[in-house]
Amino acid sequence: MSYVLVKKIQDRFSLQLKAGEEGLGRKIYNSDISRPGLEMAGYFTFYPSERIQVLGKTELSFFNGLEKADRIDRMERLCTDVTPAIITANGMEVPEELFAAAHKMGIPVFSTSIATTRFSGMLANFLESKLAPMTAVHGVLVDVYGIGILITGKSGIGKSETALELVKRGHRLVADDLVEIRQVAENILIGTSPELIEHLLEIRGVGIIDMMTLFGASAIKGDIRISIVLELEDWILEKTYDRLGLDEEKIKIIGTELTKLTVPVRPGRNLAVIIEVAAMDYRLKRLGVNAAKEFSDKLDNVIGSRPSQMDGEE
């Protein structure tokens, strides 16, 4: 099961650690955030203790108006053995009762000056991106005119060389060799590179090169939504390839359907240009311009009009 360490949250949002340093290694499995308003009133029946707890001005203002015994009770019940962390937002002070309860259970307590609602949204988005369903695919991911294209194919077919040519033409590399794909929302797949090989590209006969060092920061991108899967394969003379583009092939990754293009490879074909055109054509189709369909409609009209023209000539 995927998880995020509490320490990662602290580093990502520059949170100030107030208590519970020994709990920085706790694991977060749930991307949902809890704002324990009802819990401050004493209602813990459906308390989601496994979530990160965010306390803002509303919760703490109510809490500070409670009797001393009630404040101690609320914080002791708030801090469970499965609670990953508690964060006070909007610059609110951490109550002493929370210090004591968190220290007893080894729960990290942080504070941030960011407004509660804004911080909760930022944190939820970050956790969703990290805890989303994930798979890994052998291939190359590039950003071409803002379109994420996953290039697949057997080893040695020329995926990395094609990516290098695209970068030289002004496009950006996201990942080479192994692409991590996360489903961050329904029908939305985001591709990234594993941290170990980030920015690196392998070219047979040359070796591993650092694309950011070689071409600059504009040549790489951290992640992108995948829109097209483009498979490279050796040209098979007996195989009939799509020449019009009317029948759109699909492929499923983590339950999400993506447009799939199969491009045959043989000497003399400029794959980088073909991929650029595929990206531009995809953008046009999203805008409602489908050249293949328009051509087919025109052809049908021409064929349909021939009999009447011939009748008129007789």
Side-chain angles (χ1 to χ4, degrees), residues 2 4 12 31 122 124-153 157-203 208-232 248-263 271-287:
S2 299
V4 177
R12 174 65 177 80
S31 62
M122 292 165 56
N125 289 337
F126 175 77
L127 290 176
E128 284 174 1
S129 68
K130 296 298 181 183
L131 299 176
M134 191 268 283
T135 188
V137 174
H138 175 67
V140 176
L141 182 58
V142 288
D143 172 6
V144 181
Y145 299 127
I147 305 297
I149 301 181
L150 176 62
I151 305 173
T152 63
I157 194 72
K159 300 184 295 295
S160 298
E161 291 80 359
T162 302
L164 178 61
E165 178 63 25
L166 286 168
V167 170
K168 288 182 63 180
R169 295 173 69 89
H171 306 291
R172 294 186 285 183
L173 173 73
V174 179
D176 176 54
D177 191 50
L178 188 67
V179 182
E180 292 182 346
I181 302 174
R182 289 181 171 83
Q183 186 179 40
V184 299
E186 186 176 359
N187 296 326
I188 297 180
L189 299 179
I190 300 296
T192 60
S193 171
E195 190 174 346
L196 182 64
I197 58 174
E198 197 172 13
H199 309 157
L200 301 181
L201 187 74
E202 178 194 358
I203 302 295
I208 295 175
I209 58 177
D210 189 322
M211 298 296 284
M212 187 166 68
T213 302
L214 202 60
F215 294 98
S218 62
I220 56 97
K221 189 173 184 180
D223 58 57
I224 192 170
R225 178 178 178 178
I226 301 175
S227 300
I228 302 174
V229 176
L230 191 143
E231 182 177 4
L232 302 180
E248 194 173 80
E249 188 178 357
K250 296 289 185 179
I251 185 173
K252 270 192 176 183
I253 299 178
I254 321 182
T256 297
E257 282 195 344
L258 297 172
T259 298
K260 181 184 178 184
L261 304 175
T262 301
V263 177
L271 295 178
V273 172
I274 292 173
I275 292 174
E276 284 182 333
V277 171
M280 290 187 288
D281 185 58
Y282 177 82
R283 293 182 67 179
L284 279 176
K285 286 180 178 177
R286 289 201 302 179
L287 294 173

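In this text, all values refer to a predicted model and were calculated from it rather than measured experimentally.
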Minimum heavy-atom separation for Ile147 to Ser227, with atom names? CG2-CB, 3.9 Å

Using every non-hydrogen atom in the two residues, find where Ile149 and Ala279 come nearest and quote the distance to one decimal. CD1-CB, 3.9 Å

Any chance you could measure Asp143, atom CG, to Ile226, atom CD1, to the nearest 0.5 Å? 12.0 Å

Flag, side chain of Arg283 to backbone of Tyr145, donor-acceptor distance under 3.5 Å: yes

Please give me the minimum heavy-atom distance between Ser160 and Glu202, naming the atom from each residue. CB-O, 3.1 Å

Sorted by chain and residue number, the side chain to side chain contact (heavy atoms under 4.5 Å, CB included) partners of Lys250 (sequence neighbours excluded) come out as Glu248, Glu257, Thr259

Atom CD1 of Ile220 and atom CG of Leu200: how far apart are they, to the nearest 0.5 Å? 11.0 Å

For a quick test of reading the model, state the closest non-hydrogen atom pair linking Ile224 to Gly146 and the distance between them. CD1-O, 4.0 Å

Taking the side chain as C-beta and beyond, is there a heavy-atom pair between Leu127 and Lys130 under 4.5 Å? no

With sequence neighbours excluded, what pairs up with Ala219 under the side chain to side chain contact (heavy atoms under 4.5 Å, CB included) test? Val167, Phe215

Is it true that a side-chain atom of His138 and a backbone atom of Asp177 form a donor plus acceptor pair closer than 3.5 Å? yes

4.5 Å side-chain heavy-atom contact, Val174 and Lys221: yes

Is there a side-chain contact between Glu276 and Leu166, using heavy atoms and a 4.5 Å cut-off? yes

Partner set under side-chain hydrogen bond (donor to acceptor under 3.5 Å, both in side chains) for Arg225, not counting sequence neighbours: none

With rounding to the nearest 0.5 Å, note down the distance linking CD1 in Ile181 to CD1 in Ile190. 10.5 Å

Can you give me the closest heavy-atom contact between Ala163 and Leu173, atom names plus distance? CB-CD1, 4.3 Å

Quick one: side-chain hydrogen bond (donor to acceptor under 3.5 Å, both in side chains) partners of Ser129, sequence neighbours excluded? none

Thr162 versus Leu271, closest heavy-atom pair with distance: OG1-CD1, 3.6 Å

If you draw a 6.0 Å radius around CG in Leu287, do more than 12 non-hydrogen atoms from other residues or ligands fall strictly inside? yes

Which residues satisfy the side chain to side chain contact (heavy atoms under 4.5 Å, CB included) test with Glu231, sequence neighbours excluded? Thr152, Lys260, Thr262

Residue pairs, two or more places apart or on separate chains, that pass side chain to side chain donor-acceptor pair (under 3.5 Å) and touch residues 179-197: Gln183-Thr256

